[in-house]
Amino acid sequence: MAATSSITLPDVGDQGELRRFRNDVYDCFGRWADALFELFDAVSCPIPVTSIAHLTLADTAMRGHGSAYAALAGGVIDAGQLRDVLAAARPAGWRPDFAVDATTWPRCDAECSPGRGYYYHPTRHSAGKPIVAGWCYSWLVGLSPGADSWTAPLDAVRLQVGDNPNTVAVAQIRALLPHLPPSGSAPMVAFDGGYDPVQLAVGLADTNVQTVVRIKSDRRFSARASVKPRSPAGGRPQRHGPRFSCSDPATWPTPTRNWCANTTPTAWSRSRHGTACTRTSAPTETRPACSPSSKAP
C-alpha cells in the first residue's frame, strides 16, 4: 500500500519513487535477501494466498516452495530499518492519524504449526462460535484523511498465545514514534472495540499521543467524588461520584469544553459515515460492572 501512490503507467512517467522504495525494502533483508524479496513481490500480486507455497505460484516467483520456507526460517529482517522505510513512504499529505487492530490468519488444519491459538473471526465459525484456530496479528496502519478505506501499513506483530493486545499495541506505537517526521500536531491512534482505554492511557501516559477507543454503550463510569470535610463522627470518605452511563443521556455530566464556538459540540458531517460529535467532560473513573460473585459481602 505504501508504494501504490507511486505507480505510474510506462508511457506517463518513470517509476523512480517506486524503485527507491523497493531498493530500500531490499536493504532491510539480511540472509536470504533475494528469496525474501521475491515473497514480498508475490504478496503484492493479485493471487489467492492460502499458504506460503501458493506465493511461489505468482508470475514474479523464480524459486520453488522449498526456498520460500527456507527463507522464512533462516532469513533475517531488520525490523527497525523496515519501520523507517514504511514511515518514510507514508503519503506526505496524510495527517498523523493511525489505527491499531487485530486480524486472524486461519490455520485450522495446520495442527503442527507452532503458536496457534483460538481467536475471533467474523465469518468463519468453530462449533457454532465465531472463533478459529490460527495466528493473530496486530496491525498498525496510517489512516487516509478522506472518507475511504485506504491505509498505509506501518507495522505488524504476531501475537503469541496469552499476549495482552493492549500491551502489544502500546509497544508498537512506542516503536513507531521515533520514526515519524516532526509534526505540529500530536499523533492520534484509533482502536476498535475490545481494547482497554485504561491500559492504553497508562501505557502511553508519558508520550504525546492521543487515543480514541470504541467502547460498549453499557460501559459504566463514575465521576470524581466531591471533596467534603471529614465528619467528626468518622466514617469512610466517598470514593466515587455520580455514575455516568453511556447509554443514558440523563446521567451525562455537563461538558466542560465544547470543540467549537458557542454551546454546540463540533460535528463533522459526511454523506457516507454520518455525523460525529465530540465534547469533553470532567475526568471520570471507570470500573467494571459487578457480577453476583464479585460483590462485597
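Hydrogens, waters and symmetry mates play no part in the numbers below; they use all other heavy atoms, side chains included. We number each residue from 1, following the sequence as shown.
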Can you tell me if [X] uses its side chain to pair, donor with acceptor, with the backbone of [Y] under 3.5 Å?
| X | Y | result |
| --- | --- | --- |
| Q172 | S138 | yes |
| D163 | Q160 | yes |
| D24 | V85 | no |
| R243 | T251 | no |

Shared ILVMFWY cluster between [X] and [Y], side chains joined below 4.5 angstrom?
| X | Y | answer |
| --- | --- | --- |
| L177 | L154 | yes |
| F191 | V157 | no |
| I77 | V43 | yes |
| L39 | L82 | yes |
| I131 | Y137 | no |

Just wondering, more than 12 heavy atoms not from [X] lying within 6.0 Å of its [atom1]?
| X | atom1 | result |
| --- | --- | --- |
| Y69 | OH | yes |
| H179 | NE2 | yes |
| N23 | CG | yes |

Measuring from atom [atom1] of [X] to atom [atom2] of [Y], what distance do you get when rounded to the nearest 0.5 angstrom?
| X | Y | atom1 | atom2 | result |
| --- | --- | --- | --- | --- |
| L204 | I173 | CG | CD1 | 5.0 Å |
| R19 | R22 | CZ | CZ | 9.5 Å |
| R83 | D78 | CZ | CG | 9.5 Å |
| L143 | M188 | CG | CE | 7.0 Å |
| I52 | H65 | CD1 | NE2 | 12.0 Å |

Identify the two heavy atoms, one from [X] and one from [Y], that lie closest to each other, and give their separation to 0.1 Å.
| X | Y | value |
| --- | --- | --- |
| V161 | G115 | CG2-O, 3.8 Å |
| A42 | A58 | CB-CB, 3.9 Å |
| A152 | R90 | CB-CG, 4.3 Å |
| A71 | L36 | O-CD2, 3.6 Å |
| W94 | P145 | CD1-CD, 3.3 Å |
| V132 | C108 | CB-SG, 4.2 Å |

Legend entry - salt bridge (Lys or Arg N to Asp or Glu O under 4.0 Å) pairs, two or more places apart, involving residues 117-127: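 Sorted result for residues 117-127: empty, none.
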
Legend entry - Steps toward side-chain contact (heavy atoms from CB on, under 4.5 Å) verdict (E111, D109): CA-CA 6 Å; E111 298 181 358; D109 298 328; over 6 Å; no

Legend entry - Residues Q210, V189; criterion side-chain contact (heavy atoms from CB on, under 4.5 Å); working and verdict: CA-CA 6 Å; Q210 306 175 76; V189 186; over 6 Å; no

pair [X]-[Y]: side-chain heavy atoms closer than 4.5 Å:
| X | Y | value |
| --- | --- | --- |
| R63 | D34 | yes |
| T151 | S144 | no |
| D155 | L86 | no |

Legend entry - Short side-chain donor-acceptor distance under 3.5 Å, N164 and Q199: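 Judged by distance alone, the side chains do pair up.
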
Legend entry - Identified side-chain contact (heavy atoms from CB on, under 4.5 Å) partner of L200 from the options T167, V209, V213: V213

Which atom pairs, donor and acceptor, lie under 3.5 Å between side-chain atoms of residues 97-104 and protein residues at least two apart or in another chain?
residue : atom : partner : partner atom : Å
D97     : OD2  : R95     : NE           : 3.1
D97     : OD2  : R95     : NH2          : 3.4
T104    : OG1  : Y120    : O            : 3.2

Inset, instruction - Give a yes/no verdict on a cation-pi contact between R107 and W105, requiring under 6.0 Å between NZ or CZ and the six-membered ring centre and an angle within 45° of the axis. - result: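 Yes, a cation-pi geometry holds between R107 and W105.
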
Inset, instruction - Validate the cation-pi geometry between R116 and W135: distance from NZ or CZ to the six-membered ring centre under 6.0 Å, angle to the ring axis within 45°. - result: no

Inset, instruction - Using the six-membered ring wherever Trp is involved, compare the ring planes of F37 and Y26 and label them parallel, tilted or perpendicular (cut-offs 30° and 60°). - result: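 Ring orientation, 0 to 90° scale: perpendicular.
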
Inset, instruction - Indicate yes or no: does R174 engage D206 in a salt bridge with an N to O separation below 4.0 Å. - result: yes

Legend entry - Set of ring-ring contact (aromatic ring centres under 6.0 Å, His included) partners for W139, sequence neighbours left out: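 So W139 forms no ring-ring contact (aromatic ring centres under 6.0 Å, His included) with any residue.
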
